[in-house]
Structures are given as C-alpha cells and as structure tokens.
Amino acid sequence: MTANHYDPRTIALLSEIIHPPLELEPKRAQSIHNELYRHAQFSYQNFGVSHDGIQLGNQSDQPGYVSTVNFLSDRIQIREELSGAHVDDFCQRLVHVIGVATEQLSLPILVAQQHVVRSLITPRSFNDSRDFLATAVCGLPSEDLSSFGRPAQLFGMKMIFPGTDNEPNMHTLRLESFNQDSRSVFLENVATFTNAVMPDNLDELAENMQQTYNFVRKNALEFLSRYDESGPTG
C-alpha cells in the first residue's frame, strides 16, 4: 500500500507569524479589517477587541467551525478549522492577510513562523486505529497492554524531527487514534521556521505552510502505509 491509497481529510490549518512587539491599536486593526473586506475571498465578518488582542472572524452553524485571524502584541494567528479550506486557499489567505497587516501595522520584519496541519485518515486494513497504531506500527502484542487492567481509549506516538543543514525547520509530528471516531488516525504536524521573512518576500510563508502540509501528506502517510498492508478487518 502507498500513501496515495488514503483519502486524507484536512480538519485544521493554522499559522502563527511572530513579529517585533508593538502597541496594538484597534484603529489600525480596524483598517486591516476594512481592507480585507474589499476582497470577498479574504474577508472576515466580525471585528472584536478583548484583553488578549483583536480578532477578526467568520461565523457558521457547523460544529467546531473556526475561521479567524488574531492580532496580538507580538504575533498574528490565522486559523481555519473544519471550515473546508484547502491548503492552497489557506496559503493565499495567509499571504494576503499578512501583506495587509505588515503594511497597516508598519511591520519591518517577520521574526519566525509556526505552521500547523491536522488531518484524518482511515486505515485500509484495520477497523480500529488503536489496534493499527499499537500492534502494526509499534509492534506491541495486545497482551503487552494487559497490565493496565483496562483498554486504552487513545493510543498514539509523538516524534520530533530537528532541523538539519539542508532543512533547518523543525517538525513535531503526532500520530494518534481519533477520540471521536476510533476508525480514524489523527495526524498533526507542527513545523517551526526560525528564518526571518521580509515584507517583500511573503510568498515564503506560503511555501513553509505547504512544506508543513507535505510532511503530513507525503512523509507521514508513507510511513503509516508501510504497516497498513494486512491486519484485522472484523
């Protein structure tokens, strides 16, 4: 089996862009909101101010739906969760929002970034993702877990891949059974990029988010597919 045999479902895309600390003025954030509203594909319906910062957001009746951008004193957070956003659309939104923000907030540089991709897949050879991860991926016979005296509700693993000379970014990967559906495997990649980005090179943000996404869709799925050849189906 190969990674192409899966039908991954992206459930969350998040980016956190770190910038030099500033005094966040609601008037400036409102100007960002107004500018974004001129382009329907990047607009946000709501504008709110709290003690944590300033948030622009869209609303939906769909459970778990999140579509927001948060402005804090030292960072900008863009979140799309269960909104159906494709990674390509998210990358376009990311570049556009940060482009407007760097101009309206007079940001001279972006110090670092963290991008998050969360996805779900269904193993082809296992009906329970806990069995798949524990017995097939980790090689643990079911009796090895009997000492706990009860079945595990969740089972998973976490791996950290530090930067290298060729790839200085760090990836933190979680592979877990999904609590809301025991058939599904939950994958999360949190990628950290410490290279500074200038306002005239914002396409690099999209490239880094795409790299974060590809680490899940290519590397992680290829890893899991090695163990999804055969197993219990009943």
Side-chain angles (χ1 to χ4, degrees), residues 6-19 24 26-73 75-105 113-122 129 154 174-191 202 205-217 220-221:
Y6 293 116
D7 184 20
R9 176 189 171 205
T10 300
I11 60 173
L13 298 166
L14 302 88
S15 289
E16 186 169 74
I17 311 301
I18 313 299
H19 57 71
L24 190 59
K27 182 178 180 180
R28 284 194 168 190
Q30 182 66 66
S31 68
I32 297 173
H33 182 244
N34 294 341
E35 180 63 26
L36 294 176
Y37 209 79
R38 295 175 53 192
H39 304 274
Q41 70 269 37
F42 305 125
S43 65
Y44 292 93
Q45 301 164 353
N46 302 322
F47 177 90
V49 181
S50 70
H51 66 280
D52 293 328
I54 298 171
Q55 182 178 92
L56 313 183
N58 293 315
Q59 291 182 322
S60 172
D61 294 332
Q62 178 180 327
Y65 176 96
V66 176
S67 177
T68 61
V69 54
N70 294 306
F71 296 95
L72 307 177
S73 62
R75 66 197 61 202
I76 301 170
Q77 301 167 330
I78 300 177
R79 299 174 59 196
E80 294 288 330
E81 301 183 38
L82 296 179
S83 67
H86 188 275
V87 66
D88 293 340
D89 298 327
F90 183 89
C91 287
Q92 291 179 18
R93 177 179 292 272
L94 171 63
V95 172
H96 186 80
V97 170
I98 299 301
V100 173
T102 55
E103 181 178 351
Q104 297 295 333
L105 299 177
Q113 316 147 52
Q114 189 170 81
H115 303 284
V116 182
V117 173
R118 296 178 183 140
S119 297
L120 298 175
I121 65 162
T122 301
S129 62
L154 289 173
R174 288 168 55 201
L175 306 172
E176 300 174 351
S177 57
F178 189 49
N179 196 36
Q180 299 176 29
D181 180 4
S182 61
R183 296 171 300 175
S184 299
V185 175
F186 170 83
L187 303 91
E188 179 191 71
N189 182 29
V190 180
L202 297 182
L205 303 180
E207 293 169 4
N208 291 343
M209 165 51 85
Q210 188 68 55
Q211 184 175 343
T212 305
Y213 180 84
N214 291 343
F215 197 85
V216 171
R217 290 300 179 104
L221 293 191

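Just so you know, these numbers come straight off a predicted model, no measurement behind them. Numbering starts at 1 and runs along the sequence shown.
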Show your reasoning for whether side-chain contact (heavy atoms from CB on, under 4.5 Å) applies to I32 and L105.
CA-CA 9 Å; I32 297 173; L105 299 177; 3.9 Å; yes
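- Side-chain contact between F186 and L120: present, with at least one pair of heavy atoms (C-beta onward) separated by less than 4.5 Å.
- With sequence neighbours left out, T212 forms a side-chain hydrogen bond (donor to acceptor under 3.5 Å, both in side chains) with no residue at all.
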Assess the residue pair F90 and S15 against the criterion (side-chain contact (heavy atoms from CB on, under 4.5 Å)); give the C-alpha distance rounded to whole Å, side-chain angles, the decisive distance to 0.1 Å, and a yes or no.
CA-CA 9 Å; F90 183 89; S15 289; 3.3 Å; yes
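- More than 12 heavy-atom neighbours from other residues, nucleotides or ligands sit within 6.0 angstrom of OH on Y65.
- In this structure, R28 has no side-chain hydrogen bond (donor to acceptor under 3.5 Å, both in side chains) partners at least two apart in sequence or on a different chain.
- Contact check for I78 versus I98: side-chain heavy atoms found under the 4.5 Å cut-off.
- With hydrogens and angles disregarded, no donor-acceptor distance shorter than 3.5 Å links the side chain of S177 to the backbone of S182.
- Closest heavy-atom contact between S43 and A40: OG-O, 3.1 Å.
- Taking CZ from R217 and CD from Q210, the interatomic distance works out to 10.0 Å, rounded to the nearest 0.5 Å.
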Set out, in order, the CA-CA distance, both residues' side-chain angles and the distance that settles side-chain contact (heavy atoms from CB on, under 4.5 Å) for L205 and M209, then state yes or no.
CA-CA 6 Å; L205 303 180; M209 165 51 85; over 6 Å; no
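- L24 is listed as a side-chain neighbour of I54, based on a closest heavy-atom distance under 4.5 Å.
- Looking at I11 and E81, their side chains never come closer than 4.5 Å, going by heavy atoms from C-beta outward.
- Proximity of a side-chain donor or acceptor of S129 to a complementary backbone N or O of S184 within less than 3.5 Å is detected.
- Contact between L221 and P8 at its shortest, heavy atoms only, is CD1-CG, 3.5 Å.
- By the 4.5 Å heavy-atom criterion applied to side chains, L187 and R118 are not counted as neighbours.
- Atoms CZ and NE2, from F71 and H19 in turn, are 8.5 Å apart once rounded to the nearest 0.5 Å.
- Between the side chain of Q62 and the main chain of L82, a donor-acceptor pair closer than 3.5 Å is present.
- The main-chain N or O of A85 is never found under 3.5 Å from a side-chain atom of R93 such that the two would form a donor-acceptor pair.
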Going through the checks in order, is the side-chain contact (heavy atoms from CB on, under 4.5 Å) test met by Q59 and N46?
CA-CA 8 Å; Q59 291 182 322; N46 302 322; 3.2 Å; yes
Yes or no on side chain to side chain donor-acceptor pair (under 3.5 Å) for Q92 and D88, after CA distance, side-chain angles and deciding distance?
CA-CA 6 Å; Q92 291 179 18; D88 293 340; over 6 Å; no
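- A ring pair (Phe, Tyr, Trp, His ring centres under 6.0 Å) check over residues 39-63, counting only residues at least two apart or in different chains, returns the pairs H33-F47, H39-H96, F42-H96.
- The shortest side-chain heavy-atom distance between E80 and V66 does not fall under the 4.5 Å cut-off.
- Within the 4.5 Å cutoff, side-chain heavy atoms of Q77 are placed close to those of L72.
- Residues V87 and T10 fail the side-chain proximity criterion, which asks for heavy atoms closer than 4.5 Å.
- The local environment of CD in Q180 is sparse, with at most 12 non-hydrogen atoms from other residues, nucleotides or ligands closer than 6.0 Å.
- Among the candidates R79, R75, Q113, the single residue satisfying the side chain to side chain donor-acceptor pair (under 3.5 Å) test with E16 is R75.
- Here the CG-CD distance, from L36 to Q41, works out to 10.0 Å after rounding to the nearest 0.5 Å.
- Of the possible polar contacts, one joining the N58 side chain to the Q45 backbone as a donor-acceptor pair under 3.5 Å is found.
- Exactly one residue among L14, L13, L94 makes a side chain to side chain contact (heavy atoms under 4.5 Å, CB included) with H115. That residue is L94.
- I17 contributes atom CD1, which lies 7.5 Å from atom CD1 of I76 (distance to the nearest 0.5 angstrom).
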